Amino acid sequence: MRRYRGGAAPVASEDIGALLRLGIEKARIGDTGQAVELFNKAVATGPEVAEAHHYLGVALEARVEVVDAVAASREAVYLTPGLASSHNNP
């Protein structure tokens with residue numbers, strides 16, 4: 001699912017994967033503040049990873065930070081137009 005924009009070099013996917021997994025777990029238990037922080041780190045580590053933007057958008061939506069949630073979801077769709085779940089976010 002990864003797509004690279006502008007020829008960016010791949011980042012260690014295990015680092016991003018670990019941040020995403022931990023962020024998903026934090027969101028699952030209701031710690032959306034920590035989830036947003038982890039997803040932001042994932043985006044900073046791998047700005048070309050659509051899933052990082054997607055999960056950030058979902059967590060921001062849960063915090064009712066709609067403007068930022070829309071921006072993150074749009075970036076996810078831009079990076080991977082086939083990421084249908086991002087089309088359903090705000």
Side-chain angles (χ1 to χ4, degrees):
M1 276 245 194
R2 291 175 63 151
R3 183 166 157 171
Y4 304 103
R5 182 174 42 157
V11 177
S13 62
E14 60 275 2
D15 296 339
I16 296 168
L19 289 168
L20 293 178
R21 285 188 299 278
L22 187 54
I24 291 166
E25 180 58 23
K26 292 295 184 178
R28 187 187 68 75
I29 63 172
D31 189 353
T32 55
Q34 185 67 35
V36 166
E37 186 176 318
L38 290 160
F39 296 140
N40 271 321
K41 285 181 184 178
V43 166
T45 302
E48 75 286 353
V49 179
E51 290 85 352
H53 294 277
H54 167 73
Y55 287 119
L56 176 59
V58 171
L60 288 167
E61 181 183 6
R63 292 174 54 95
V64 193
E65 296 181 31
V66 179
V67 172
D68 291 334
V70 168
S73 295
R74 283 186 178 157
E75 184 65 12
V77 171
Y78 172 77
L79 291 168
T80 307
L83 189 62
S85 56
S86 288
H87 287 284
N88 296 326
N89 286 338

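Because the structure is a prediction, the values reported are computed rather than measured.
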In Å, rounded to the nearest 0.5 Å, how long is the span from [atom1] of [X] to [atom2] of [Y]?
X     : Y     : atom1 : atom2 : value
His53 : Leu60 : NE2   : CG    : 12.0 Å
Glu75 : Thr80 : CD    : OG1   : 9.5 Å
Ile24 : Leu38 : CD1   : CG    : 10.5 Å
Ile16 : Glu48 : CD1   : CD    : 5.5 Å

| message | Applying side-chain hydrogen bond (donor to acceptor under 3.5 Å, both in side chains) as the test, list every pair that has at least one member in residues 23-37; sequence neighbours left out. | response | Glu25-Arg28
Of all the heavy-atom pairs spanning [X] and [Y], show the shortest one and how long it is.
X     : Y     : answer
Ala42 : Leu20 : CB-CD2, 3.9 Å
Ala59 : Ala35 : CB-CB, 4.4 Å
Ala50 : Ala76 : O-CB, 3.5 Å
Arg63 : Val36 : CD-CG2, 3.5 Å

| query | Is there a side-chain contact between Tyr55 and Glu51, using heavy atoms and a 4.5 Å cut-off? | reply | yes
